[in-house]
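Keep in mind that the numbers below use all heavy atoms, side chains included, and drop hydrogens, waters and symmetry copies.
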Amino acid sequence: MAMPVQQRFFLRQGLEFQLQATGIGFPRDEFLEQHGGEIEAVLTSGMVGLSADEIALMPKLKVVQTFAVGYETVDTAAAKARAAAAPKA
């Protein structure tokens, strides 16, 4: 299955990253099974979160960030165990 719309962004420092939205038409679990080994950062909402099982599929994960209010749905202990920076109060 092809990935949905992707965009490449080039930052002034010469860094490159891919933005990938998951959800309808491309389930998160399927995406993580295929691409989890490449992911270094996750941006999620407090409403959606990130589970320990999902974090386990991302061995290169370095940071998990939430936007808006709340991070209760992010397994911060699993993220910290992965040596990833996680949201905190």
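Separating the CD atom in E33 from the CG atom in L57 is a distance of 6.5 Å, to the nearest 0.5 Å. Summarising the geometry, atom CG belonging to L43 is positioned 8.0 Å from atom OG1 belonging to T66; distances are rounded to the nearest 0.5 Å. From T76, atom OG1 reaches atom CG of L50 across 11.0 Å, with rounding to the nearest 0.5 Å. Going from atom CZ of R82 over to atom CE of M58 covers 8.5 Å, rounded to the nearest 0.5 Å. Of the inter-residue distances, the one linking D75 atom CG with K80 atom NZ reads 10.5 Å to the nearest 0.5 angstrom.
The minimum heavy-atom distance between P59 and G37, with the atom names listed, is CD-CA, 3.9 Å. Scanning all heavy atoms of the two residues, the minimum distance from V64 to A79 falls at CG2-CB, 4.3 Å.
L61 is listed as a side-chain neighbour of V42, based on a closest heavy-atom distance under 4.5 Å.
Comment: E54 engages R28 in a salt bridge, judged by a side-chain N to carboxylate O separation of less than 4.0 angstrom. A salt bridge links K62 to E40: at least one charged side-chain nitrogen sits closer than 4.0 Å to a carboxylate oxygen.
Checking side-chain atoms of S45 against main-chain N and O of F67 turns up no donor-acceptor pair under 3.5 Å. A donor-acceptor distance shorter than 3.5 angstrom exists from the side chain of T73 to the backbone of G46, with no hydrogens or angles considered.
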